[in-house]
Amino acid sequence: MKRSATTTTPAIPAVAALGTNGHLPFVVRAAEAVATRTGQVADACQYRDCEDTTPGHYDHFTHRAPQLEVKDENGPDGVIIDAGMAACSGSDPAPVVYLRNWEANNMAELTAKVDEIRRMLDATLEFGARVFADGAQA
């Protein structure tokens with residue numbers, strides 16, 4: 001088939017026609033339809049502690065929340081221990097809660113690790129009491 005000089009080429013949708021989150025409008029409408037069926041608001045994030053406030057975002061995270069970290073201003077990054085969460089889009093969207101470099105995949109794992117940390121902190125106080133008592137005798 002021969003093209004004539006007057007044949008118009010279909011235009012690529014204008015950038016203005018994209019949804020507010022950068023996705024094509026039909027993708028946004030599909031996401032809204034799914035959210036409506038599941039009873040969720042499309043722009044509302046299911047994770048109330050998520051730091052991303054962009055409507056319709058897919059990757060969720062909370063890093064460096066002040067109430068979830070203990071700092072030492074003299075340390076390399078100033079953090080002794082911190083906690084946060086991540087739930088990313090992809091093949092495994094399940095959320096994880098982490099304590100520094102360790103991750104929990106469910107509440108039972110998180111509870112067990114927090115209990116272990118509490119025991120360690122109590123033992124640290126006892127250890128410190130012995131060390132400082134011994135040091136005072138020197």
Side-chain angles (χ1 to χ4, degrees):
M1 181 170 136
K2 192 172 185 180
R3 291 191 148 192
S4 78
T6 58
T7 305
T8 59
T9 306
I12 296 174
V15 173
L18 294 175
T20 57
N21 63 0
H23 296 282
L24 294 174
F26 68 88
V27 174
V28 173
R29 285 194 303 272
E32 289 171 345
V34 169
T36 301
R37 284 196 307 273
T38 61
Q40 297 175 348
V41 177
D43 288 342
C45 180
Q46 73 187 67
Y47 298 100
R48 64 188 113 179
D49 294 308
C50 183
E51 292 176 10
D52 190 343
T53 57
T54 307
H57 64 275
Y58 296 98
D59 295 324
H60 312 281
F61 58 88
T62 302
H63 306 302
R64 301 292 178 151
Q67 70 276 17
L68 296 175
E69 62 184 11
V70 176
K71 289 188 165 192
D72 171 13
E73 300 305 325
N74 298 321
D77 68 354
V79 177
I80 296 171
I81 187 169
D82 62 340
M85 65 80 70
C88 298
S89 58
S91 60
D92 186 10
V96 295
V97 172
Y98 64 83
L99 297 167
R100 200 56 172 169
N101 296 323
W102 176 86
E103 296 178 354
N105 295 302
N106 58 58
M107 196 62 196
E109 288 179 2
L110 180 60
T111 299
K113 187 56 72 176
V114 168
D115 287 345
E116 182 181 347
I117 291 170
R118 283 188 181 122
R119 288 190 300 274
M120 187 273 301
L121 292 174
D122 288 342
T124 302
L125 287 173
E126 293 171 7
F127 173 74
R130 290 191 307 273
V131 168
F132 292 123
D134 294 347
Q137 294 175 11

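Computed from a predicted model, the values in this text were never measured in an experiment.
Asp49 meets the side-chain hydrogen bond (donor to acceptor under 3.5 Å, both in side chains) test with no other residue; sequence neighbours excluded. Residues forming a side-chain hydrogen bond (donor to acceptor under 3.5 Å, both in side chains) with Asn101 (at least two apart in sequence, or on another chain): none. Taking the ring-ring contact (aromatic ring centres under 6.0 Å, His included) definition, one finds that Tyr47 meets it with His60, sequence neighbours left out. Here Ser91 pairs with nothing under the side-chain hydrogen bond (donor to acceptor under 3.5 Å, both in side chains) rule; sequence neighbours left out. Annotation: side chain to side chain contact (heavy atoms under 4.5 Å, CB included) contacts of Ser89 (sequence neighbours excluded): Tyr58, Asp59. Shown here are the side-chain hydrogen bond (donor to acceptor under 3.5 Å, both in side chains) partners of Asn106, two or more places apart in sequence or in another chain: there are none.
Residue pairs meeting the ring pair (Phe, Tyr, Trp, His ring centres under 6.0 Å) criterion with at least one partner in residues 94-118, sequence neighbours excluded, are His63-Tyr98. The list of salt bridge (charged side-chain N to carboxylate O under 4.0 Å, His left out) pairs with a residue in residues 93-108, not counting sequence neighbours, reads Asp77-Arg100, Asp82-Arg100.
One hydrophobic cluster holds both Leu99 and Ile80 under the rule that ILVMFWY side chains link at heavy-atom gaps under 4.5 Å.
Pro93 and Ala87 get closest at one heavy-atom pair: O-CB, 3.9 Å.
When hydrophobic side chains of Ile, Leu, Val, Met, Phe, Trp and Tyr are connected at separations under 4.5 Å, Val131 ends up clustered with Phe127.
From Met85, atom CE reaches atom SG of Cys50 across 6.0 Å, with rounding to the nearest 0.5 Å.
Using a 4.5 Å heavy-atom cutoff, the side chains of Val79 and Val70 are not in contact.
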Output a table of donor-acceptor pairs, distance under 3.5 Å, between side-chain atoms of residues 108-115 and any protein atom two or more places apart or on a different chain; print 'none' if there are none.
| unit_1 | atom_1 | unit_2 | atom_2 | d |
| --- | --- | --- | --- | --- |
| Glu109 | OE1 | Asn105 | N | 2.8 |
| Thr111 | OG1 | Met107 | O | 2.9 |
| Lys113 | NZ | Glu116 | OE1 | 3.1 |
| Asp115 | OD1 | Arg118 | NH1 | 3.3 |

